[in-house]
Amino acid sequence: MIAQIQVWRSLLRSSGIGLIVAGGCYFSLLATLGVASGLPQSGGDLLHKVASETVLIQAVMVLFIVKDICVLISLPALVIVLSNAQRAWPIIAAIFATVALLLDIVSSLLVLALPGFERAMEAAPVSARTAYVVVADFLFRYIWQLETPFIVALLGLAVVLFGITARRAALPWFVSYSGIILGAVALIAGLAGRIEPVLFIAVWYIAIGVQLLRIAKHA
Amino acid sequence: MPEFLTSRLARAGGFAFLVAGVGYAGLMAVLFSTGGEPSNLIELIDKLAEHASAIRIVGLSFLVVELSMLVGFVSLMSILMPVNRTWSIIGGILALIGLAFDLPSSFIVFDLPNLAVSYSFTTGDTRSADRALIEFFYQYVWMIETPAHVAVVSLAILILSLVVLRSPSRHIIGYIGLVIGATGLIGGALGFIPAAMTWIIWFFPTGASLVRFDPSELMS
């Protein structure tokens, strides 16, 4: 196992940094949510927010994409480190996380397209604007009420599985228990249609990221 | 990985990159014949109505090209692992991310002519709804998603080329990839989609050298 870790030392280091950056992005998002006027409540509200907070929304979506890419790049290292305790579950967790994060990237890109769409609505004939609101309403229902809660639940499930395997792999208790608890909270919240609790997974990202850096250092 | 499997994987990846190169060359020809990328909604609707079959072919071709690229990048990542495990994996994953979120757009492009036909033949609220939908897809596919795809895949080409430069041979491919990757990354970040067409210059030599790949080269 130690020989295997030594071979992957550089990947573990990069992944550790990637996960810490992802955690940092989440904390920035938490801070941004404090500045922003909360999540949209309807399609019309979504277009209104896009018009009044364009730069903020674009910055948030870019942060989401950077965070998703950092975590996706780090998944092979997690599988390598955790597969000494249990081979199947880290792979299953990584697949769940990959699906969730790819869906999240697509959602972020869809939201990034909204400022241009809102500007096009302003330029469209008044009689056609209702149709733009209908499209925005569909996107609001799809992204905020269906897809993102699903992503939160799936990512939560992946983090729970990583946390359980981390306990078996004899990683520090904080890494495993924070994964199990924060993942379970995200899973339940996602199933209940809430998306905010996913931000607390940042704590686990940073904890496991630091752990990967330590393993790389001592290998 | 056993040597014969590495050779087979390299050959499959090489042929996949060659298919992607031919596909992109074909797409470039179709794009030129239809007057290039649409610059606004009205131009897009006109193109959709005027060149419906060509646009459907473009949508399908992109699907084939991207699946070929998927095979090619997985093969290249695996072949380059003995040179540098970390960066070949990071480059490979970035390519897979860029291709994964671009695949659904091929289906959107394939279906858009139907929406344009509906827009042309309807009136009132239905026409407004068609216009709003086409506008959203235009903003998503042409203004946001495809430039992001170009930037992410170009970054992957850049990273994998840096790994190629650390291998004992094929340095010319590394330098080509470095220039193409940097060009695509900047082009994509600035929203300039045709930057992806420069990938053809990288696909052919990379594909050809993967087809001729000898696993012992990396060990020398």
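Quick note on labels: first sequence line is chain A, next is B, and so on, each numbered from 1. Please read all numbers here as calculations on a predicted model, not as lab measurements. Basis for what follows: all heavy atoms, side chains included, without hydrogens, waters or symmetry-related copies.
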When A/P76, A/S74, A/S10 are compared by non-hydrogen pairs under 4.5 Å with chain B, the top option: A/S10
Indicate the atoms forming the closest heavy-atom contact of [X] with [Y], along with that distance.
{"X": "B/A49", "Y": "B/A116", "value": "N-CB, 4.4 Å"}
{"X": "A/V152", "Y": "A/A186", "value": "CG1-O, 3.3 Å"}
{"X": "A/A202", "Y": "A/F27", "value": "CB-CE1, 4.0 Å"}
{"X": "A/G179", "Y": "A/V159", "value": "O-CG1, 3.3 Å"}
{"X": "B/V163", "Y": "B/S88", "value": "CG2-N, 4.0 Å"}
{"X": "B/G72", "Y": "B/A16", "value": "N-CB, 3.8 Å"}

Return the CZ to NE2 distance between B/R166 and B/H171, rounded to the nearest 0.5 Å. 10.5 Å
How many angstroms lie between atom CD1 of B/I90 and atom CG of B/N84, to the nearest 0.5 angstrom? 8.5 Å
Distance flag, aromatic centroids of A/W89 and A/F162, threshold under 6.0 Å: no
Considering only heavy atoms from C-beta outward, does the side chain of [X] approach that of [Y] to under 4.5 Å?
{"X": "B/I93", "Y": "B/L96", "result": "no"}
{"X": "B/F62", "Y": "B/F107", "result": "no"}
{"X": "B/R11", "Y": "B/F213", "result": "no"}

We want to know whether B/S154 and B/W199 form a side-chain donor-acceptor pair, criterion being a heavy-atom distance below 3.5 angstrom. yes
Apply the test side-chain contact (heavy atoms from CB on, under 4.5 Å) to residues A/V175 and A/W204: give CA-CA distance (whole Å), side-chain angles for both, the deciding distance (0.1 Å), then the verdict. CA-CA 7 Å; A/V175 175; A/W204 184 76; 4.2 Å; yes
Which residues in [range] have a heavy atom less than 4.5 Å from any heavy atom of chain B?
{"range": "residues 120-129 of chain A", "answer": "A/A120, A/A124, A/P125, A/S127, A/A128"}
{"range": "residues 93-119 of chain A", "answer": "A/L102, A/I105, A/V106, A/L109, A/L110, A/L112, A/A113, A/L114, A/G116, A/F117"}
{"range": "residues 11-22 of chain A", "answer": "A/L11, A/S14"}

Could you please state which residues from residues 133-149 of chain B sit under 4.5 angstrom from chain A, measuring non-hydrogen atom to non-hydrogen atom, sorted by number, or 'none'? B/L133, B/E135, B/F136, B/Q139, B/Y140, B/I144, B/E145, B/A148
What part of A/L139 gets within 4.5 angstrom of chain B, counting heavy atoms only: side chain, backbone, both, or neither? side chain
Cut-off 4.5 Å, heavy atoms of chain B, and the answer for A/V135 is side chain
Taking side chain as everything from C-beta outward and backbone as N, CA, C, O, which of these in B/L94 sits under 4.5 Å from a heavy atom of chain A? Side chain, backbone, both or neither. side chain
Relative to chain A, which segment of B/I89 carries a heavy atom at a distance below 4.5 Å: side chain, backbone, both, or neither? side chain
Does the side-chain contact (heavy atoms from CB on, under 4.5 Å) test come out yes or no for B/V58 and B/F110, once each step is laid out? CA-CA 8 Å; B/V58 166; B/F110 183 81; over 6 Å; no
Is B/R127 positioned over the aromatic face of B/Y119, cation under 6.0 angstrom from the ring centre and no more than 45 degrees off axis? yes
Stepwise, does the side-chain contact (heavy atoms from CB on, under 4.5 Å) test hold for A/L46 with A/I143? CA-CA 11 Å; A/L46 173 63; A/I143 295 174; over 6 Å; no
For B/F17 and B/W202, take the angle between the two ring planes, folded into 0 to 90°, and tell me which bin it lands in: parallel under 30, tilted 30 to 60, perpendicular over 60. perpendicular
If you count heavy atoms of other groups shown closer than 6.0 angstrom to CH2 of A/W144, is the number above 12? yes
